[in-house]
Amino acid sequence: MRKKIVAGNWKMNVDLNESTDLIKSIKKIYDHNIDVEVCIAPSFPFLKESTELCQGEKIKVLAQNVNDNLKGAFTGEVSIHMLKSINVDGVILGHSERREYYNEDDDLLLRKLKVSLKNNFKVYFCIGESLEDREKNNHFEKVKNQLDKTVFKIDNIDPENLVIAYEPIWAIGTGLTASPEQAQEIHKYIRNLLSERYGKKISDNTSIIYGGSVKPNSARDIFEKQDVDGGLIGGASLSPQDFIDIVRSI
Ligand code: PEP
């Protein structure tokens, strides 16, 4: 059975006090009995405090990036071992903002993916098309191409350690959301691709989450779709109430 997941990506939006307050507020209203993997992704400087605050809480703490090397002369970079040493549970890779603003191409993402999985570090891997791709009806080809050049280069995947996040770039931070039908259509397509590459069992057990302007009032209809296993939430994850309402929508 694949997991239901809701992950909040805080991006570069909160300082230490705000990050602490967010976690404390989420903890206050979070119902531990809900069968959802709840994740938050604070910025690097606050990860240690975040994992300490989330200890025993069933809230996973993710990094927003990681280097593709394990150690060495890479000024300003952060390794998997560093993150694991402060109990970080995994990492978001392939986010369109990293692809676009920091030139993270498929080759680099494949290296990051490989080193993460090899070191048993869970990856939430983002793919998704631009508005131009969508308007030209190229979105299926685009996500297939992204997967072919990254995830599908890996021979064995473990659904416990890899989540796919479908995030149409035109819906990120724009207030535009894919309709539930659009989300289902492409999630199903991605699941079929996973099945062709790794077999039905792996495909059925891999969580595919949706990201792109999900809000409390749109979450339920999207999450209801058969192949949508939750969400990657940007803006709305900065409000504890909105975030938990989205978690409850599953
Ligand atoms: C994201 O950046 O992953 C995201 C989904 O952002 P938003 O919810 O703000 O569109």
Side-chain angles (χ1 to χ4, degrees), residues 4-14 18-19 22 26 36-44 46-47 50 59-66 89-104 109 112-113 122-131 133-134 139 142-143 146-147 150-151 162-180 182-184 186-187 190 207-223 225 227-250:
K4 300 280 185 193
I5 299 168
V6 176
N9 176 10
W10 295 352
K11 311 192 184 188
M12 201 178 73
N13 283 315
V14 290
E18 291 163 336
S19 166
L22 260 176
I26 290 171
V36 182
E37 180 181 298
V38 175
C39 312
I40 52 167
S43 301
F44 281 139
F46 317 130
L47 285 171
S50 302
I59 299 174
K60 287 188 188 254
V61 178
L62 312 181
Q64 298 174 20
N65 188 20
V66 75
D89 295 288
V91 63
I92 298 170
L93 291 179
H95 193 283
S96 59
E97 287 154 15
R98 301 248 17 123
R99 291 179 191 258
E100 186 180 342
Y101 307 140
Y102 301 98
N103 302 318
E104 295 203 0
L109 290 170
K112 291 187 176 197
L113 189 57
K122 186 163 181 169
V123 174
Y124 299 71
F125 194 79
C126 306
I127 53 174
E129 81 283 357
S130 64
L131 184 58
D133 290 322
R134 173 63 67 165
H139 43 295
K142 179 70 186 200
V143 298
Q146 288 174 325
L147 287 169
T150 55
V151 174
L162 180 66
V163 172
I164 305 290
Y166 167 66
E167 296 211 302
I169 300 169
W170 50 271
I172 296 180
T174 58
L176 294 173
T177 318
S179 69
Q182 284 174 320
Q184 168 58 21
I186 199 146
H187 279 231
I190 294 166
S207 301
I208 306 174
I209 60 176
Y210 169 82
S213 296
V214 176
K215 307 285 180 227
N217 62 4
S218 60
R220 191 172 300 276
D221 288 346
I222 295 176
F223 294 168
K225 293 293 176 190
D227 289 287
V228 179
D229 304 309
L232 181 53
I233 318 298
S237 69
L238 299 172
S239 153
Q241 191 60 60
D242 284 359
F243 184 61
I244 292 299
D245 284 347
I246 291 171
V247 171
R248 289 193 185 122
S249 302
I250 288 219

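Counting convention: from 1, in listed order, for ligands and their atoms alike.
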Interatomic distance, [X] atom [atom1] to [Y] atom [atom2] [nearest 0.5 angstrom]:
X      : Y      : atom1 : atom2 : result
Tyr210 : Leu232 : OH    : CG    : 10.5 Å
Lys225 : His187 : NZ    : NE2   : 12.0 Å
Ile250 : Ile209 : CD1   : CD1   : 9.0 Å

Shortest non-hydrogen contact from Ser213 to Thr177?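 Taking every non-hydrogen atom into account, O-OG1, 3.4 Å.
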Do His95 and Gln64 come close enough that some side-chain heavy atom pair is under 4.5 Å?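 With C-beta onward as the side chain, the pair stays apart.
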Would you mind listing each N/O atom of ligand 1 next to any protein N/O under 3.5 Å, plus the distance?
{"unit_1": "ligand 1", "atom_1": "2 (O)", "unit_2": "Lys11", "atom_2": "NZ", "d": "2.5"}
{"unit_1": "ligand 1", "atom_1": "2 (O)", "unit_2": "His95", "atom_2": "NE2", "d": "2.8"}
{"unit_1": "ligand 1", "atom_1": "3 (O)", "unit_2": "His95", "atom_2": "NE2", "d": "2.9"}
{"unit_1": "ligand 1", "atom_1": "3 (O)", "unit_2": "Glu167", "atom_2": "OE1", "d": "3.1"}
{"unit_1": "ligand 1", "atom_1": "3 (O)", "unit_2": "Glu167", "atom_2": "OE2", "d": "2.7"}
{"unit_1": "ligand 1", "atom_1": "6 (O)", "unit_2": "Gly234", "atom_2": "N", "d": "3.4"}
{"unit_1": "ligand 1", "atom_1": "8 (O)", "unit_2": "Ser213", "atom_2": "N", "d": "3.4"}
{"unit_1": "ligand 1", "atom_1": "8 (O)", "unit_2": "Gly234", "atom_2": "N", "d": "2.8"}
{"unit_1": "ligand 1", "atom_1": "9 (O)", "unit_2": "Gly235", "atom_2": "N", "d": "2.8"}
{"unit_1": "ligand 1", "atom_1": "10 (O)", "unit_2": "Gly173", "atom_2": "N", "d": "2.7"}
{"unit_1": "ligand 1", "atom_1": "10 (O)", "unit_2": "Ser213", "atom_2": "N", "d": "2.7"}

Flag yes if more than 12 heavy atoms outside Lys122 fall under 6.0 Å of its NZ atom; otherwise flag no. yes
